[in-house]
Amino acid sequence: MAVDIIPSGQACGAEIANIDISKPVPDRDAETIYRAFLEHQVIFFRNQEITPTDQRRVCSIFGEVGSYNRPKDRQHPKHASDEVMLISNVVEDGKVIGAHPDGEMMWHTDTPYLATPHKATTLYSVEVPSVGGNTKFSNQYAVYEALTDNLKSELQGKTAMNCYEFGTTVKTFDRYDRESVPHHPHPVLRKHPETGKTAVYVCPLMTEEITGMDEEESKNVLSLIYSLQAEERFIYEHIWKVGDMIIWDNRCLLHARTDFPREQRRLLRRVTVSDDHAVMGA
Ligand code: SIN
């Protein structure tokens, strides 16, 4: 049976049905899945039972598995890994086993504070709360299209500085300490290397300023963009069920997490895909 692509009917997102990803994916299906990823920006498989090895194998449809930079001293000794990061509030031996354990997470893309950010991210759900902890995705091609022509031309060729202190989920202060955290400038308007389309590439959790712009103006422009990015019309919201695997394109999407009850367990496995294209301006 051929794989089925079922669009979410929202601003992005599609389910890929009729496939068991615990087994190697035939080439023809892998091509269909890759095309759906480029078209819908975030795709998901329901009811899967997969191991970390299976998850890495699915990642290889999209590129090379990425490594991440969570400091080793913050990893749980039993679950330490360079490739598989747990996102979890589950506690074992008195220590939480995963990163970003509780609460809401602000809009962001993954690793824009590196010279070559990760191309894609996968999450696989092992345990989910009965309510909340949803992952939302905001379509940055559509946000670009919604900017006024004046703002589009003002932002053409501009870069913004992206910084991050690992573990921050909600930024309630003005600036990270740049001396001690990774940071990197990237174009505000990014040209997607495969679709050729333009996406907005700034986010409230990690972008701090538009380089070379007056401080007040940079704040105003960024806050206008941040409020557009959070508008319902640009969003697909994923309500997790156990056994979902999701993969999204960090080059043209932001993601965020909704709050959930702290006393309920949530455990997701995260593996990324590294990029072999340099970041390009639009
Ligand atoms: C993340 O953004 O790294 C985690 C998203 C989630 O927990 O849903």
Side-chain angles (χ1 to χ4, degrees), residues 8 10 12-13 41-46 48 52 55 59 65-71 74-76 79 81-91 96-114 117-140 162-171 181-182 201-207 226 229-230 235-262 264-274:
S8 71
Q10 298 178 36
C12 49
Q41 305 164 261
V42 47
I43 55 175
F44 52 94
F45 308 85
R46 299 275 197 194
Q48 303 292 327
Q55 191 167 348
C59 282
V65 169
S67 57
Y68 72 97
N69 65 338
R70 186 173 187 214
R74 295 211 209 160
Q75 298 192 28
H76 191 289
H79 300 279
S81 159
D82 287 332
E83 290 181 349
V84 181
M85 172 168 130
L86 301 182
I87 307 281
S88 187
N89 59 2
V90 171
V91 173
V96 73
I97 62 171
H100 312 314
D102 290 303
E104 175 195 349
M105 269 194 97
M106 284 169 83
W107 289 108
H108 62 288
T109 179
D110 283 336
T111 60
Y113 47 82
L114 301 178
H118 293 164
K119 165 181 175 176
T121 304
T122 65
L123 285 177
Y124 173 69
S125 53
V126 181
E127 291 184 77
V128 298
S130 61
V131 61
N134 305 337
T135 309
K136 306 205 291 181
F137 297 90
S138 172
N139 177 340
Q140 298 307 293
N162 302 286
C163 317
Y164 186 55
E165 168 154 0
F166 198 89
T168 311
T169 52
V170 176
K171 190 176 179 217
V181 303
Y201 196 64
V202 292
C203 62
L205 186 59
M206 300 182 186
T207 307
Y226 296 162
Q229 290 170 329
I235 292 173
Y236 163 67
E237 181 161 355
H238 190 78
I239 300 173
W240 289 97
K241 293 184 186 145
V242 168
D244 290 350
M245 174 165 153
I246 195 162
I247 176 153
W248 67 84
D249 189 335
N250 281 308
R251 302 165 295 182
C252 54
L253 277 182
L254 299 188
H255 60 285
R257 179 174 76 198
T258 65
D259 201 3
F260 61 99
R262 279 180 175 248
Q264 293 195 24
R265 290 164 62 108
R266 186 173 188 270
L267 170 54
L268 305 178
R269 232 172 28 217
R270 176 184 183 273
V271 179
T272 63
V273 178
S274 63

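Atoms within each ligand, like the ligands themselves, are counted from 1 in listed order. In this text the structure is predicted, and so the values were computed from the model without any measurement. The residues of the chain are indexed from 1 along the displayed sequence.
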TODO: State the atoms of ligand 1, each with its element, that fall below the 4.0 Å cut-off from a heavy-atom position in Ile87.
DONE: 3 (O), 7 (O)
Task: Distance flag, aromatic centroids of Tyr236 and His255, threshold under 6.0 Å - done: no
- [ ] Just do the side chain to side chain contact (heavy atoms under 4.5 Å, CB included) check on Phe44 and Asp244 with the steps written out, would you?
- [x] CA-CA 7 Å; Phe44 52 94; Asp244 290 350; 5.7 Å; no
Open item on the list: Using a 3.5 Å cut-off on N or O atoms only, is His100 in polar contact with ligand 1?
Closed with: no
Open item on the list: Under 4.0 Å from a heavy atom of His255: which atoms of ligand 1 are those, numbered in the order shown and with their elements?
Closed with: 1 (C), 2 (O)
TODO: With atom 1 (C) of ligand 1 as the reference point, say which of Met106, Arg257, Met105 has the nearest heavy atom.
DONE: Met105
Task: atom 5 (C) of ligand 1: nearest protein contact (heavy atom, Å) - done: Leu123 CD1, 4.1 Å
TODO: Please could you name the atoms of ligand 1 that Arg266 approaches to less than 4.0 Å, counting only its heavy atoms?
DONE: 6 (C), 7 (O), 8 (O)
Open item on the list: Could you check whether any side-chain heavy atom of Tyr124 comes within less than 4.5 Å of a side-chain heavy atom of Val271, counting everything from C-beta outward?
Closed with: no
Open item on the list: Is there a polar contact, in the sense of an N or O pair closer than 3.5 Å, between Asn134 and ligand 1?
Closed with: no
Task: Nearest protein heavy atom with distance in Å, relative to atom 8 (O) of ligand 1 - done: Thr135 OG1, 2.6 Å
Task: Ser88 side chain near His79 side chain, heavy-atom distance below 4.5 Å - done: no
Task: Residue pairs involving residues 246-256 (criterion salt bridge (Lys or Arg N to Asp or Glu O under 4.0 Å); sequence neighbours excluded) - done: Glu194-Arg251, Asp249-Arg251
Task: Check: Asp110 main-chain N/O paired with Asn250 side-chain donor or acceptor under 3.5 Å - done: yes
